[in-house]
Number of protein chains: 2
Amino acid sequence: MSKPVQPKSKDTSTEEKIIEAARKVFMQKGYAATRTRDIAEEAGINLALLNYYFRSKEKLFEQIMLEKFRQLFSVIFPIVNDDALTLDEKIEILVENYISLLIENPELPLFVLSEIRVNPERFKVRLQIPDLLRNSSLVRQMREKRPDVEPVHFITSLLGMTLFPFVAKPVLFSEYPGFNALMQERKALITGWIKAMMEMK
Amino acid sequence: MSKPVQPKSKDTSTEEKIIEAARKVFMQKGYAATRTRDIAEEAGINLALLNYYFRSKEKLFEQIMLEKFRQLFSVIFPIVNDDALTLDEKIEILVENYISLLIENPELPLFVLSEIRVNPERFKVRLQIPDLLRNSSLVRQMREKRPDVEPVHFITSLLGMTLFPFVAKPVLFSEYPGFNALMQERKALITGWIKAMMEMK
DNA sequence: GTCTATACTACGATAGAC
DNA sequence: GTCTATCGTAGTATAGAC
């Protein structure tokens, strides 16, 4: 019932070892296909201990999910709402930071999207991305520059060009050797394209 | 061991009822979270009969998966390889057809991507999309027009701008009322943008 | 072909010793 | 805090009657 107190903790704490293992296994197989036994084995502990620390598979998963969700969206908000940045700067930084993050964590977006897909109501409350974007500095700047086009179209294109290659990686780039280099190269391309799209009448 | 022969078949055959139910439940929950009992119930039959027709959950799933996979990619290949079409025509038709398909089947791409993600080796053999695209008429035309940019960048952008909104729908557009209208409107935008991207030096 | 009943296994979770 | 052993259940699949 009560939170367990930190154990002796030599190298990494047991709790952290479990989290680490859960990260790996959940990310690989998804929630439904993951067995708590796999996580315990991966962590080098046993099943009972996992339940001692986290009470249930579901509770453990929610921690991982929240962490991954934050990781995926923390890139956006600080930039999107920063009034000190011009529209062009926002675009540059967004693309740069996102692709860098995704090169390090290529499975991140598809993992999050997949889990939300099969359990939308469970994660609905926490995330109101559309609302958070709607009155952002970015949207205001876009509307000012291009009152004739819904800002959502520009944002969707930016995110699509940036995130989609990683989302589609298992299908389109599974054996692609130069994928990361290609994504690096893509930063400048996307930035240029988006800027041009916003000029085009 | 042997394939069951068609039953009396009044309205829809039992086999078709099961397939129909499997489509619905698998698409909704994904393979791992789906219980064969759910499918049986949805089909209005019982569990034993499902196994009589399809031998196992896995076999049934593979049929659905193959069907959905084809649905998702059948849009691409006829167009991409048609030498009679100009580059601009290919772009127009691809975007038009894809968005129309996805408005009718919004969950299609994320379903396929999610299942391949958690089981890449199982579906790897059947699908060599990259190879199929590599020497296509589309890629040749792109290389001719723009020898300085990898065609994969244009293709990824086209697919990203087109597919991404549907892939991200559970997160970005879950409560968005005018989503379909927005996607309709998007057809012309994407087409124009891609053409412009290919002109930009 | 279709049903009921059941075998069998796998999984999540807990009891209880240390 | 960590383990072994086990309970309870839910899930796939099959046997066998009709």
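Side chains included, hydrogens not; waters and symmetry mates left out as well; all remaining heavy atoms used. By convention in this document, chain letters (A, B, ...) are assigned in the order of the sequence lines, proteins followed by strands, and residues within each chain are numbered from 1.
- Straight-line distance from the CG atom of B:L60 to the P atom of D:dG11: 17 Å, rounded to whole Å.
- Counting only residues at least two apart or in different chains, side-chain hydrogen bond (donor to acceptor under 3.5 Å, both in side chains) contacts with residues 74-87 of chain B comprise B:D83-B:S137, B:T86-B:E89.
- Looking at A:E96 and A:S100, their side chains do bring a donor and an acceptor atom within 3.5 Å of each other.
- Counting only heavy atoms from C-beta on, A:T14 has its side chain closest to D:dT2 among D:dT4, D:dT2, C:dT2.
- For residues 81-106 of chain B, there are no ring-ring contact (aromatic ring centres under 6.0 Å, His included) pairs, not counting sequence neighbours.
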_For a quick check, with a 4.0 angstrom heavy-atom cut-off, what is the B/S/- contact string for nucleotides 7-18 of chain C, read 5' to 3'?_
----BBBBB---
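- Between A:E41 atom CD and D:dT4 atom P there is a gap of 13 Å when expressed in whole angstrom units.
- Spacing between atom CD of B:E15 and atom C1' of C:dT2 amounts to 15 Å, rounded to whole angstrom units.
- Not counting sequence neighbours, A:F77 has no partner by the ring pair (Phe, Tyr, Trp, His ring centres under 6.0 Å) test.
- Residue B:D38 contributes atom CG, which lies 16 Å from atom C1' of D:dA13 at whole-angstrom precision.
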Sequence neighbours excluded and cut-off under 3.5 Å, please list the side-chain donor-acceptor pairs for residues 189-198 of chain A, or say none.
from   : atom 1 : to     : atom 2 : distance (Å)
A:T191 : OG1    : A:K187 : O      : 2.8
A:K195 : NZ     : A:E92  : OE2    : 2.5

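- Taking atom CG on B:N46 and atom P on C:dC3, their separation rounds to 5 Å, with Å as the unit.
- Evaluation of the ring pair (Phe, Tyr, Trp, His ring centres under 6.0 Å) rule for B:F166 yields B:F179 as partners, not counting sequence neighbours.
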